[in-house]
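Treat the numbers as computed from the prediction; the structure is a model and nothing was measured. Heavy atoms only: backbone and side chains are in, while hydrogens, waters and symmetry mates are out.
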Amino acid sequence: MTESLNLAGRTAVVTGAGAGLGRAEALALAAAGAAVVVNDMGDNAHTVAEEITAAGGQATAVTGDVSDWSLGERLVQEAVGTFGSMDILVNNAGILRDKMIFNLSESDWDDVIRVHLKGHAATSRAASVHWRETSKAAGGPVYGRVINTSSEAFLFGSAGQPNYSAAKAGITALTLSTAQGLSRYGVRANAICPRARTAMTADAFGANTAADAGPDPLSPERVATLVHYLASPASDEINGQVFVVYGKMVALMAAPKVENRFDAAGSAFSPEELEGLLTPYFAGRGPYENYAAFSVAELEKAALATAATVGV
């Protein structure tokens, strides 16, 4: 491993790390030399921490709900108190309450927004306070990495996941704001949109049916490799970016762009003028072709190419 990818002497906090993606990310960071604070709701957090220490790494477990605002502070305190620093935050914890918008209950909405979006915000806020104070005390930039977990659902709105899609859109915006607000202190914040075969996605992806019975193209370890990289010194010039990652592909998303511009002939539009400009422009578009249709189509084209090469 090159020095620029080595995480020895660094401490990482990984939420939702008791299973699935979070577990794979915690193990990857530990294998790269980081001490890891493993967070999850139950005993699995301790199991993963023990797995890391049994392999010769350093880890401790902190159980609790990330949507509890005070847990963010506890995680930072545990990292600093146990291992001497707080360097990397990987926000992964999440839940699903999938419903169509017409079947969505208030609790379905609140629970998903609370765990995903508030959970990301609580830990990011606590870490940012630490890094800002540390930077001021040091009189210069410090080492800080935030890797947030968004989803492709934020791009095009998954029909059966209005709550999840909204939470992931919020996480993306939170990441961009964090990147801008903390860059002066040396912190880099980026978001990943992963596809991985976990208990949370079992209904969507099913079992691995790769014909050659080789490595699972949707294994969480493939995502964890990107998380390791983004947590490392090698990623110092990467900030405020969104990556889609699965299989053998990492796709860097571009910022939204203006597709077309419509100008009023006078000082303001009339409804009739808008009808004359917009109605013919959108004529013939399908009901599912939203603002992200073209980028989504390109991504799916890349996904099909990836599937063909890895034997999905």
CG-CG distance between Leu277 and Asp263, expressed to the nearest 0.5 angstrom: 9.0 Å
Close side-chain approach of Ile238 and Arg188, heavy atoms under 4.5 Å: no
Asn91 and Thr123: CA distance, side-chain angles, deciding distance, side-chain hydrogen bond (donor to acceptor under 3.5 Å, both in side chains) verdict: CA-CA 8 Å; Asn91 281 312; Thr123 54; 2.6 Å; yes
Heavy atoms from other residues, nucleotides or ligands near CG of Asp68 exceed 12 (cutoff 6.0 Å): yes
Could you tabulate the donor-acceptor pairs under 3.5 Å formed by side-chain atoms of residues 4-14, not counting sequence neighbours?
| unit_1 | atom_1 | unit_2 | atom_2 | d |
| --- | --- | --- | --- | --- |
| Ser4 | OG | Thr2 | OG1 | 3.2 |
| Asn6 | OD1 | Ala8 | N | 2.8 |
| Thr11 | OG1 | Ser85 | O | 3.2 |
| Thr11 | OG1 | Ser85 | OG | 3.3 |

Student check: side-chain heavy atoms of Thr149 and His116 closer than 4.5 Å: no
Side-chain H-bond candidate by donor/acceptor type, Thr279 with Glu275, under 3.5 Å: no
Minimum-distance pair of heavy atoms, taken over all atoms of Asp111 and Arg97: OD2-NE, 4.0 Å
Side chain to side chain, Phe154 and Ser151, heavy atoms closer than 4.5 Å: no
Any donor-acceptor pair under 3.5 Å from Thr175 side chain to Asn190 backbone: no
Gap between atom OG1 of Thr134 and atom CG of Asp87 - 0.5 Å precision: 9.5 Å
Nearest heavy-atom neighbours spanning Arg184 and Pro141: O-CG, 4.5 Å
Interatomic distance, Ile192 atom CD1 to Glu25 atom CD [nearest 0.5 angstrom]: 5.0 Å
Donor-acceptor pair, side chain of Ser165 and main chain of Pro162, under 3.5 angstrom: no
Candidate pair Met249 and Val244, rule side chain to side chain contact (heavy atoms under 4.5 Å, CB included), full reasoning: CA-CA 8 Å; Met249 183 193 79; Val244 177; 4.2 Å; yes
Main-chain N/O of Ala153 paired to Ser158 side chain as donor or acceptor, under 3.5 Å: no
Ser105 OG to Asp110 CG distance, which is reported to the nearest 0.5 Å: 8.5 Å
Value rounded to 0.5 Å, distance of OH in Tyr185 from CD in Glu133: 10.5 Å
Polar side-chain atom of Asn39 near backbone of Thr63 as donor-acceptor pair, under 3.5 Å: no
Pairing residues for Arg23 by the salt bridge (charged side-chain N to carboxylate O under 4.0 Å, His left out) criterion, not counting sequence neighbours: Glu51
Sidechain-backbone polar pair: Ser232 side chain, Tyr229 backbone, donor-acceptor under 3.5 Å: yes
Under 3.5 Å side-chain donor-acceptor pair for Arg145 and Ser235: yes
Minimum heavy-atom distance Ala30-Ile52, with the two atoms named: CB-CG2, 3.6 Å
Audit row: Tyr246, Glu152, side-chain hydrogen bond (donor to acceptor under 3.5 Å, both in side chains) steps and yes/no: CA-CA 11 Å; Tyr246 55 91; Glu152 293 167 83; 5.0 Å; no
Flag, side chain of Thr178 to backbone of Leu174, donor-acceptor distance under 3.5 Å: yes
Inter- and intrachain pairs under salt bridge (Lys or Arg N to Asp or Glu O under 4.0 Å), touching residues 119-128, at least two apart: Glu73-Arg125
Side chain Asn148, main chain Ala191, donor-acceptor under 3.5 Å: no
Derivation of the ring pair (Phe, Tyr, Trp, His ring centres under 6.0 Å) call for Phe262 and Tyr281: CA-CA 10 Å; Phe262 307 91; Tyr281 182 79; 5.3 Å; yes
Within 6.0 angstrom of Arg114 CZ, more than 12 heavy atoms from elsewhere: yes
Step-by-step side chain to side chain contact (heavy atoms under 4.5 Å, CB included) determination, Trp131 to Val146: CA-CA 11 Å; Trp131 285 321; Val146 179; 3.6 Å; yes
